[in-house]
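Proteins get letters first, then strands, A, B, ... in listed order; numbering begins at 1 in each.
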Amino acid sequence: MNKYRFLTFCLLAVSLLGIACGGGGDEAAAPTAAAAPAAATGSGAITGVINYANGDPDTAIGMDADPVCVGLHAEGAVTEQVVGDEGRLGNVFVYIKSGLSGSFPASADKVVLDQQGCMYNPHVSGVQVGQPVVIRNSDPTLHNVHALPTANAEFNKGQPFQNMEFEHKFDTAEVMVRFKCDVHPWMNSYMGVVSHPFFAVSGTDGSYSIENVPAGTYTVEAWHETLGTQTMEVTVADDAAAAASFDFASAG
Amino acid sequence: MEPTSTHHRGLHRFAIVLVCCVILLISAGALVTSTESGLSVPDWPLSYGSLNPPSWWTISTVRAEHGHRLIAGTVATLTVILAVWIGVRENRRWVRRLAYLAVATVLSQALLGGLTVLFFLPTPVSVAHASLAEVFLCLTVTLAVVTSRWWRRAEGEPATVPGARRLFDVARVTTGLVFFQIFLGAVMRHSGAGLAIPDFPLVFGGLIPPAFDFPIAIHYSHRLGALAVTAAVVVTLVRALRLPSAAAGLRAVAVGLATLVAIQISLGAAVVLTGKAVVPNTAHVATGATILATSLLLTLGSWRSARAAVPSSAGAVRDPAFEGTGAQSASRATAQPNPSGGG
Ligand SMILES: [Cu+2]
């Protein structure tokens with residue numbers, strides 16, 4: 001008798017513990033970061049290229065877990081860590097890490113994170129705190145969208161059908177938020193969530209450009225999925241582009 | 001008090017089928033963790049908002065997770081059917097209660113499974129899910145054993161099997177150790193420590209890890225646990241083999257137990273040496289559950305064989321006494337790893 005009661009109690013306690021630990025909940029009513037008076041953008045810019053001399057480490061992706069995905073890549077798929085041409089590195093997230101004053105209202109433009117060919121498009125992107133992110137499934141198969149932030153709330157949502165989409169806003173700046181699909185373990189995407197609009201992602205030619213930067217001196221950080229981060233002091237003047245190129249080859 | 005043997009035979013067989021389904025279910029759960037498919041279906045209790053998500057059978061990760069849910073639903077249904085059947089047919093109150101407890105356990109287990117999905121696999125919830133699965137298995141094994149004709153044999157039962165009591169004394173310790181060992185394995189598995197010690201049979205080239213952090217400590221504990229279980233099983237086997245030929249059944253179960261442990265250690269080695277390949281990683285959990293079921297079978301069997309000892313208290317006296325100690329002993333063996341004296 002007592003044993004049964006004890007066991008029942010334990011079951012109950014474990015269940016409650018799970019609820020309590022996991023709590024915290026979902027979305028959270030997003031307080032957009034626009035409390036302080038909005039600071040003006042400027043007429044300067046930060047531009048540069050990302051260099052990488054060690055060759056392209058991208059590898060083929062085996063998509064055997066889902067025959068639909070295999071069918072979407074007649075010539076096979078490769079990873080997108082490095083998509084650089086001639087020693088240039090793409091998919092590097094470059095942003096002003098510090099030095100800005102004031103706050104910047106979130107853009108209302110929607111950032112799209114698409115699932116296409118069982119890969120995320122784009123692989124690396126940026127968004128402002130409070131700016132809407134539209135997550136879409138363009139594939140004729142199902143995906144789960146699993147965001148793994150540390151400062152924001154984790155979520156995991158299913159998109160079983162083609163052309164489904166939902167919108168999400170992040171509450172807190174966080175570089176980077178990783179997205180993964182647990183259905184297709186190779187699917188990864190990284191989104192830089194920042195409190196201002198001064199960020200960019202390098203293209204396949206390694207170049208990037210951050211526009212409308214107010215004059216001032218900033219710490220600029222460049223982030224790469226596997227090669228880590230580098231920072232640089234950059235002084236921006238009005239109506240001019242300050243150069244800030246990063247060399248990841250030496251970062252080893 | 002008089003069991004109607006035809007009905008009991010069907011019920012007993014149904015309980016055995018349930019035990020097999022539970023081991024299958026645990027194996028399916030192991031496949032989910034081995035393939036890291038636990039979050040490939042993000043919602044619960046539905047799967048992608050429906051009972052069966054589109055193309056679930058063709059996508060390996062979704063097949064693992066959703067398949068686990070379907071088998072779990074089947075097992076829960078079978079458990080309810082068994083409990084109703086026992087509720088109607090069974091005249092021993094403690095057996096009826098055990099069956100109801102099994103229903104409560106399988107429902108709690110489903111809830112834990114849902115919680116671990118909805119909260120992104122927190123280690124304590126996943127470990128509780130893995131551990132409660134083994135408790136549930138023990139409950140179903142117990143139901144299958146105590147509904148057997150052998151357990152309920154009435155008149156003309158043989159005299160006490162000499163040595164059965166001594167076998168029971170060690171078998172129950174073995175069962176407790178096996179349960180604890182599976183618990184350690186679950187903690188290791190769900191905290192991602194399965195490869196924390198990369199070599200086998202040595203440990204970083206020696207016998208003791210040069211440094212300890214949590215993953216190494218839990219992994220090392222699981223290996224020490226394997227040694228303890230092996231030692232207990234060897235003693236169990238020796239005592240079982242000393243039983244008279246009348247107890248050939250118990251001896252065979254003990255030989256099976258020892259064989260399973262040998263297989264299990266090989267599988268554990270394979271998990272480490274293959275870097276957690278899916279097949280050995282899943283088979284290791286399946287075999288662990290089978291070892292627990294076998295050890296519990298031996299424990300209950302030896303207890304029953306030792307109790308047959310009291311021919312003087314046959315008939316009217318036996319059954320009530322049986323109700324008292326039997327219920328306690330069974331729950332002790334299933335729910336707690338450290339059984340103390342029983343009967
Ligand atoms: Cu996917």
Side-chain angles (χ1 to χ4, degrees), chain A residues 1-26 62-71 118 137 139-149 153-162 164 166 179-187, chain B residues 32 35-44 46-50 52-56 58-65 94 97-98 100-101 104-105 107-109 111-112 114-129 131-132 135 139 327-332 334-336:
Chain A
M1 277 294 277
N2 282 337
K3 305 271 170 183
Y4 296 143
R5 278 202 195 128
F6 176 73
L7 197 63
T8 313
F9 172 77
C10 287
L11 295 182
L12 209 66
V14 165
S15 312
L16 291 176
L17 200 70
I19 293 168
C21 291
D26 263 16
M63 293 189 172
D64 298 342
D66 188 342
V68 172
C69 301
V70 174
C118 300
N137 177 10
D139 282 330
T141 188
L142 56 77
H143 295 288
N144 71 297
V145 182
H146 186 182
L148 298 129
E154 185 171 353
F155 65 84
N156 186 14
K157 291 186 179 178
Q159 291 191 318
F161 301 107
Q162 195 163 18
M164 287 182 91
F166 68 89
F179 286 80
K180 71 179 282 203
C181 174
D182 299 276
V183 174
H184 310 110
W186 60 86
M187 285 178 68
Chain B
V32 170
T35 57
E36 296 183 16
S37 303
L39 295 177
S40 67
V41 181
D43 49 342
W44 184 89
L46 289 176
S47 291
Y48 286 92
S50 69
N52 283 303
S55 310
W56 70 273
T58 63
I59 307 170
S60 62
T61 43
V62 180
R63 182 171 62 228
E65 169 64 19
W94 66 271
R97 288 187 170 177
L98 213 55
Y100 304 149
L101 181 64
T105 307
L107 296 179
S108 307
Q109 177 67 349
L111 194 66
L112 280 176
L115 286 177
T116 207
V117 165
L118 297 178
F119 293 111
F120 323 115
L121 311 181
T123 301
V125 180
S126 295
V127 170
H129 186 60
S131 304
L132 194 58
V135 172
L139 286 172
Q328 282 174 14
S329 178
S331 69
R332 200 176 281 143
T334 54
Q336 295 192 351

So which atom in [X] and which in [Y] form the shortest heavy-atom distance, rounded to 0.1 Å?
| X | Y | value |
| --- | --- | --- |
| B:P54 | A:P160 | CG-O, 3.8 Å |
| A:G158 | B:P42 | N-CG, 3.2 Å |
| A:F155 | B:F120 | CA-CZ, 3.8 Å |
| B:T61 | A:D182 | CG2-O, 3.6 Å |
| B:S40 | A:V183 | O-CG2, 3.2 Å |

Who wins among A:N144, A:V145, A:L148 for the most heavy-atom pairs under 4.5 Å with chain B?
A:N144
Option that, when pairs with chain A are counted at under 4.5 Å, heavy atom only, ranks first among B:L39, B:V117, B:V41
B:L39
Okay, B:T58 and chain A: the region with an atom under 4.5 Å from a heavy atom over there is both
Any side-chain heavy-atom pair of B:S55 and A:V68 under 4.5 Å:
no
